[in-house]
Amino acid sequence: MIDLHSHTYFSDGSLAPLELIDMAVESGLEQLAISDHDSIEGLLSLEQLPTEIRIIPSVEISANWGKQGLHILGLNIDLENEALQSFLKQQQANRKKRALEMAHKLVQAGVEHAKNDIEYLLDSQPMVCRTHIAQLLVEQGYVKKFPDAFKKYLAKGGKAHIKDDWFELEDVIAIIKAAGGQAVLAHPMRYGMGTNKLKSLVEEFKALGGDGLEICYPNIHPGHKNLLATWAKAYKLCGSQGSDFHSPDKSWVKLGKFAPLPEDVEPVWTRW
Ligand code: AMP
Ligand code: MN
Ligand code: MN
Ligand code: MN
């Protein structure tokens with residue numbers, strides 16, 4: 001009953017932090033990591049932490065490994081850490097710049113009102129992620145389905161794609177460690193990397209001071225889960241687990257619902 005990956009509307013989730021916490025308590029979770037993309041604002045907005053559940057202050061940081069974009073979870077971080085806070089301010093500024101660049105490319109691709117619409121979003125909500133832009137493209141009929149917005153416009157190969165241009169993995173791990181957190185490679189199988197490339201990433205991640213791999217998450221293939229568990233043991237990395245919950249509308253992803261961590265892998269939560 002431990003879920004170490006979730007989002008609120010301070011990034012691309014749909015719930016307020018308190019709504020997410022209520023849902024986690026109702027789901028019977030004992031621990032929940034709130035891990036918004038490049039932001040701890042949701043956690044800072046909480047006046048006090050609940051007593052019914054342990055909230056693990058966390059963040060999901062966008063990073064580059066060469067040209068490859070990655071998501072690195074910083075679990076159990078010190079929210080007061082000034083280096084982390086100023087780092088996240090820079091990430092948020094980069095996100096804003098990227099959203100405006102995407103708007104420009106979308107207009108060029110014939111999405112007429114993209115510039116106004118995205119500027120409006122930037123003014124009216126804490127963060128603009130590709131998820132929000134994808135939603136706009138669906139609502140305005142430029143694509144039928146949400147994943148098509150990524151395929152046609154926002155993902156690699158799409159008309160409004162912007163290359164990943166985040167801080168390097170090394171710097172991201174260092175900032176998480178400096179803030180007292182555990183650095184965990186999020187959803188390793190979602191990057192579309194081949195096995196050899198992924199293995200070298202895991203090796204380098206460990207060498208750079210990384211703590212763990214997210215091994216259990218919804219829909220991971222059991223064979224992939226076993227492969228990650230084998231690497232975790234071989235490279236002395238911990239295992240983590242999380243739903244990557246974004247919204248109750250995506251009813252197929254539920255808080256705390258994923259296969260259990262293999263017993264011979266050291267759970268990351270033994271570190272706190
Ligand atoms: P961003 O961090 O702004 O680049 O947005 C990334 C977020 O978009 C991810 O965390 C997912 O929630 C979502 N996302 C990325 N790729 C896809 C995809 N192919 N289909 C649906 N959602 C996606
Ligand atoms: Mn997301
Ligand atoms: Mn992610
Ligand atoms: Mn996530």
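Just so you know, ligand 1 is whichever comes first in the structure, and atom 1 is the first atom listed for that ligand. Values below: every heavy atom of this structure, side chains too, minus hydrogens, waters and symmetry copies.
Contact annotation: the side chain of Met189 approaches that of Leu227 to within less than 4.5 Å [non-hydrogen atoms, C-beta and beyond]. The side-chain heavy atoms of Tyr153 and Lys105, taken from C-beta on, include no pair separated by under 4.5 Å. Two residues are said to be in side-chain contact when any heavy atoms from C-beta on lie closer than 4.5 Å; Ser62 and Asp164 fail this criterion. For the pair Cys216/Lys225, a side-chain contact is recorded, criterion being any heavy-atom separation below 4.5 Å from C-beta on.
For Lys151, the NZ atom sits in a loose shell: 12 or fewer heavy atoms of surrounding residues, nucleotides or ligands are nearer than 6.0 Å.
Looking at Lys236 and Glu266, no side-chain N of the basic residue comes within less than 4.0 Å of a carboxylate O on the acidic one, giving no salt bridge.
Within Asp12, OD2 is the N, O or S atom that lies nearest to the Mn ion (ligand 2).
Considering Thr230, Val202, Leu213 in turn, Val202 is the only one that fulfils the side-chain contact (heavy atoms from CB on, under 4.5 Å) rule with Tyr235.
Counting only protein N, O or S atoms, 3 lie closer than 2.8 Å to the Mn ion (ligand 3).
Among the backbone and side-chain atoms of His7, none of the N, O or S atoms lies under 2.8 Å from the Mn ion (ligand 2).
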